[in-house]
Amino acid sequence: MIERADLWKSNAQALSLRLRDRFRVAVDRHRRKQPIFSGDGYFSSTFDRLLRRFRDFRRDSLPSSPTFYRKRVGKDFNAEEESVILRMLQAVAVPVLGNACHVFMNGLNHVQVYGLEKLHDALLRRPKDKSLITVSNHVASMDDPLVIAALLPPHVLLDAQNLRWTLCATDRCFSNPVFSAFFRSVKVLPVARGDGIYQKGMDMAIAKLNRGGWVHIFPEGSRSRDDGKTVRSSKRGVGRLVLDADNIPMVIPFVHTGMHEIMPLGASIPRIGKTVTVVVGDPIHFDDLLNMEDAHVSRGKLYDDVSSRIGHRLRQLKVQVDRLALEQANQIHNHPVQSSEQTAGILQHVDWELFGIGSYFSTKDDSSSMQESQIQLKLDDNYTPGPASSLGQTKSDSDSQELGSRNWYFRMGLSNEGGIVSRIRGYMDPTEIMSFAARGLFMNLRSKEICASC
């Protein structure tokens with residue numbers, strides 16, 4: 001009886017507040033009974049002291065009202081606050097901000113996504129009445145909207161009505177009227193820290209889910225303090241979003257890494273030229289927990305089971321994304337070595353005699369020693385250069401017999417005191433030299449075809 005009385009009392013207070021806000025009138029209350037002992041005498045003070053002690057005893061010793069219960073929220077909850085002007089602002093601000101973040105992430109940074117089709121199928125091909133919840137780890141202050149915009153194509157970002165709703169703390173996003181107007185125009189709902197899972201912001205998020213909308217939430221509750229190296233336990237609020245909706249929503253998890261480099265802790269401007277890796281997981285199902293709900297399991301335990309299952313899945317995806325990011329970094333590190341080997345292979349097939357500078361180059365089996373063979377030209381006043389064949393012709397003949405070996409590298413033997421090869425080395429970078437070699441290879445093959453036709 002005490003629990004029911006407390007529940008009815010809280011419902012009556014909430015109803016009176018809504019009526020007062022709706023009609024701007026105060027609800028009349030019954031006149032309180034006069035105290036038994038009136039005045040400031042000894043008996044009145046003694047009675048007040050005894051009554052206060054009894055209330056303290058009741059609050060500390062008697063069982064309190066149930067903390068967790070299913071609070072149903074209608075589809076039209078808080079609908080009167082969504083004015084036409086606010087919807088017009090959302091229709092303009094959300095596509096502009098989303099496409100700007102998409103260009104920033106995919107144009108000025110590099111985003112590698114695995115399993116993106118799972119998110120697109122859930123977003124674009126789910127039933128009309130099926131709501132969607134996406135959960136992810138929280139590394140940087142701009143995970144939303146940067147990561148969300150990077151995962152969606154531009155034509156989806158233009159549809160503001162079907163894009164995500166998200167939650168943000170009132171002390172960060174709604175601290176002044178300017179911030180409040182901006183974040184409300186980009187579909188952000190306010191939640192107050194410490195007000196529990198039955199506060200108004202959570203009810204607004206459930207109302208969006210009951211309409212078949214999309215809500216993105218960070219189950220950890222706040223940003224990571226170790227640059228996203230670990231995924232902390234999930235809060236109980238995500239369990240309420242899943243279980244208290246009219247229909248169980250579809251839950252899609254994804255985990256990302258690299259956002260701490262784009263938006264480090266304490267930074268106010270995002271950085272460019274970074275790499276972000278994202279892994280999208282399979283939908284999370286809660287059918288077994290729904291059967292437990294029919295078995296009269298406490299509501300708090302169900303909330304905890306849902307949040308722990310989501311947190312466990314996020315930690316599994318964290319292991320995968322770290323492994324993929326490490327493999328990608330190793331590939332980037334080994335790419336210059338592979339490019340140099342490909343360049344050496346191209347240079348082996350170039351007929352440098354076609355350009356009249358074959359005598360300035362020498363080849364050598366360099367796989368073990370990796371040293372350059374250089375031709376030193378010593379010129380003096382009485383020296384007259386002879387034919388090109390006199391410059392190390394014996395070595396050239398011996399090297400020409402070893403062109404069939406596999407591990408060959410070209411090394412330029414350059415003069416220190418001039419010559420065409422020195423000029424090439426001084427005015428061309430390795431990329432231009434490779435292009436020059438490929439052009440010579442093409443001309444050599446074409447000349448052989450012409451000679452064969454003749």
Side-chain angles (χ1 to χ4, degrees), residues 92-116 119 134-154 156-158 163-164 166-169 171-176 178-179 182-183 185-188 216-232 253-281 314-315 317-336 339 431:
V92 175
V94 173
V96 171
L97 181 62
N99 282 277
C101 294
H102 181 86
V103 172
F104 176 80
M105 291 296 293
N106 293 279
L108 302 180
N109 296 279
H110 179 67
V111 181
Q112 186 72 29
V113 186
Y114 299 89
L116 184 59
L119 178 61
T134 54
V135 293
S136 69
N137 58 328
H138 198 5
V139 179
S141 58
M142 294 188 67
D143 288 346
D144 187 2
L146 290 181
V147 178
I148 297 293
L151 299 179
L152 301 179
V156 176
L157 294 172
L158 295 176
L163 287 181
R164 64 96 189 95
T166 189
L167 305 173
C168 185
D171 57 348
R172 294 186 59 87
C173 300
F174 297 87
S175 57
N176 56 63
V178 177
F179 283 4
F182 171 75
F183 284 106
S185 64
V186 293
K187 304 182 70 171
V188 178
H216 178 73
I217 188 172
F218 300 105
E220 297 173 273
S222 60
R223 286 181 297 170
S224 173
R225 297 301 176 183
D226 57 356
D227 293 335
K229 296 179 182 179
T230 58
V231 177
R232 294 174 297 174
F254 65 88
V255 173
H256 55 84
T257 182
M259 281 300 298
H260 63 281
E261 298 180 356
I262 294 181
M263 200 70 182
L265 187 63
S268 57
I269 300 177
R271 301 176 181 178
I272 62 176
K274 307 300 180 180
T275 301
V276 176
T277 307
V278 186
V279 174
V280 182
L314 291 178
R315 284 187 287 272
L317 295 177
K318 176 62 178 174
V319 175
Q320 298 181 17
V321 74
D322 289 341
R323 177 174 54 83
L324 293 172
L326 182 60
E327 293 176 357
Q328 186 177 6
N330 293 334
Q331 291 178 0
I332 295 175
H333 178 72
N334 297 330
H335 181 70
S339 300
T431 306

For [X] and [Y], which heavy atoms make the closest approach, and how far apart are they?
X: Val186; Y: Ala93; answer: CG1-CB, 4.2 Å
X: Pro95; Y: Leu158; answer: CG-O, 3.7 Å
X: Arg164; Y: Lys187; answer: NH1-O, 3.3 Å
X: Cys173; Y: Phe183; answer: O-CD1, 3.0 Å
X: Phe254; Y: Val280; answer: CB-CA, 3.8 Å
X: Leu116; Y: Val113; answer: CB-CG1, 3.7 Å

How long is the straight-line distance from [atom2] of [Y] back to [atom1] of [X], given to the nearest 0.5 Å?
X: Gln320; Y: Arg315; atom1: CD; atom2: CZ; value: 14.0 Å
X: Cys101; Y: Ile148; atom1: SG; atom2: CD1; value: 11.0 Å
X: Leu167; Y: Asp144; atom1: CG; atom2: CG; value: 10.0 Å
X: Leu317; Y: His256; atom1: CG; atom2: NE2; value: 11.5 Å

Do [X] and [Y] come within less than 4.5 Å of each other through their side chains, counting heavy atoms only?
X: Leu108; Y: Val103; value: no
X: Thr277; Y: Tyr114; value: yes
X: Leu314; Y: Pro219; value: yes
X: Phe104; Y: Ile272; value: yes
X: Arg323; Y: Leu326; value: no
X: Asp322; Y: Lys229; value: no
X: Asn106; Y: Val111; value: yes

Go through the steps to decide whether Met105 and Ile262 satisfy the test side chain to side chain contact (heavy atoms under 4.5 Å, CB included), and finish with yes or no. CA-CA 9 Å; Met105 291 296 293; Ile262 294 181; 3.9 Å; yes

Are more than 12 heavy atoms from other residues, nucleotides or ligands located less than 6.0 Å from atom CZ of Phe179?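 Counting other residues, nucleotides and ligands, CZ of Phe179 stays at 12 neighbours or fewer.
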
Quick check: does any side chain N or O of [X] sit under 3.5 Å from a backbone N or O of [Y], one acting as donor and the other as acceptor?
X: Asp143; Y: Ala140; answer: yes
X: His138; Y: Ser222; answer: no
X: Arg232; Y: Arg223; answer: yes
X: His260; Y: Leu265; answer: no

His216 and Thr166 side chains, donor-acceptor separation under 3.5 Å: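 Distance-only check fails for Thr166 and His216.
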
If you apply the rule side chain to side chain contact (heavy atoms under 4.5 Å, CB included), what do you find for Asn137 with Glu220, and how did you get there? CA-CA 7 Å; Asn137 58 328; Glu220 297 173 273; 3.6 Å; yes

Checking Gln328 against His110 for the side chain to side chain contact (heavy atoms under 4.5 Å, CB included) test, could you report, in this order, the C-alpha distance in whole Å, the side-chain angles of both residues, the deciding distance, and whether it holds? CA-CA 12 Å; Gln328 186 177 6; His110 179 67; 3.6 Å; yes

Would you sort out whether Asn109 and Val276 count as a side chain to side chain contact (heavy atoms under 4.5 Å, CB included), showing the intermediate values? CA-CA 8 Å; Asn109 296 279; Val276 176; 5.8 Å; no

